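Okay, structure first, notes after.
Every value quoted in this text rests on a predicted model; they were computed, and no experiment measured them.
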Amino acid sequence: EESVSGISVELVITAEPFADSVPYSLTLHAGGSAVAHVPDAELTPAELFALGHALLDAAADGFGHFVPADEVFGLDLAPPSVPRAIDEVGIGIWVDAGRAQTREPTRSGVAVQLIVDAPALAAVAEAVCDQAARVLSR
């Protein structure tokens with residue numbers, strides 16, 4: 001979608017085997033600019049596992065949802081309201097402006113929606129699940 005709309009989401013996960021937490025950074029880009037950035041946050045290993053499976057579920061049937069316990073960001077996955085192909089998934093991604101800056105939640109923030117092909121989403125989901133398996137393999 002970045003080449004068409006100029007919108008992208010960059011989620012960088014640093015998963016180490018046997019870790020108690022999984023550091024990540026998240027950036028929403030629109031028109032070449034970072035419109036929201038979470039420079040340093042953490043998921044639990046269970047949350048990383050849940051993220052991977054929410055993405056897998058969406059790739060399989062079009063529906064999924066994920067919000068970590070600290071509510072810095074969230075994903076809502078569903079078929080687009082006007083699909084062009086049978087295997088499209090709409091991904092709504094939101095970032096709370098306050099929590100992204102390690103302040104109190106603001107109830108305001110920024111959100112983007114991307115339409116992706118289910119096979120491409122499945123590849124990302126499998127990579128996240130592989131990372132979760134590395135962390136959880138105790």
Original post:
Do the side chain of Gln131 and the main chain of Ile13 share a donor and acceptor less than 3.5 angstrom apart?
Top reply: no

Subject >> Heavy-atom closest pair, residues Pro45 and Asp20 >> reply: CD-O, 3.2 Å

Name each donor-acceptor pair under 3.5 Å that joins a side chain in residues 57-66 to protein atoms two or more places apart or in another chain, with its distance.
| unit_1 | atom_1 | unit_2 | atom_2 | d |
| --- | --- | --- | --- | --- |
| Asp61 | OD1 | Phe63 | N | 2.9 |
| His65 | ND1 | Leu75 | O | 3.3 |
| His65 | ND1 | Asp76 | OD1 | 2.4 |

Original post:
Is it true that atom OH of Tyr24 has more than 12 heavy atoms of other residues, nucleotides or ligands lying nearer than 6.0 Å?
Top reply: yes

**OP:** Please report the closest heavy-atom contact between Ala34 and Thr27, naming both atoms and the distance.
**Re:** CB-CG2, 3.7 Å

Original post:
In terms of hydrophobic clusters joined by side-chain contacts under 4.5 Å, are Val110 and Trp94 together?
Top reply: no

Original post:
What heavy-atom pair brings Ala19 and Val135 nearest, and what distance separates the two atoms?
Top reply: O-CG1, 3.6 Å

Subject >> Val22/Thr14 under side-chain contact (heavy atoms from CB on, under 4.5 Å): CA gap, chis, key distance, verdict >> reply: CA-CA 6 Å; Val22 181; Thr14 308; 5.9 Å; no

Original post:
Does Ile91 reach the side chain of Leu121, with side-chain heavy atoms less than 4.5 Å apart?
Top reply: yes

Original post:
Between Leu56 and Glu126, is any pair of side-chain heavy atoms under 4.5 Å apart?
Top reply: yes

Original post:
How many angstroms lie between atom CG of Leu55 and atom SG of Cys129, to the nearest 0.5 angstrom?
Top reply: 7.5 Å

**OP:** Over all heavy atoms of both residues, which pair between Arg134 and Glu16 is shortest? Give the atoms and the distance, please.
**Re:** NH2-CA, 4.5 Å

Original post:
Do you reckon Leu114 sits in the same ILVMFWY cluster as Val128, going by side-chain contacts under 4.5 Å, direct or chained?
Top reply: yes

Original post:
Does Leu28 share a hydrophobic cluster with Val67, counting links as ILVMFWY side-chain heavy atoms below 4.5 Å and allowing steps through other members?
Top reply: no

Original post:
Of all heavy-atom pairs between Leu48 and Ala15, which one has the smallest distance, and what is that distance?
Top reply: CD2-CB, 4.4 Å

Subject >> Distance (rounded to the nearest 0.5 Å) between Ile86 CD1 and Asp117 CG >> reply: 12.5 Å

Subject >> Heavy-atom closest contact (Pro68 atom, Phe73 atom, distance) >> reply: CD-O, 3.0 Å

Subject >> Validation row: Leu11, Leu51 side chains within 4.5 angstrom (heavy atoms) >> reply: yes

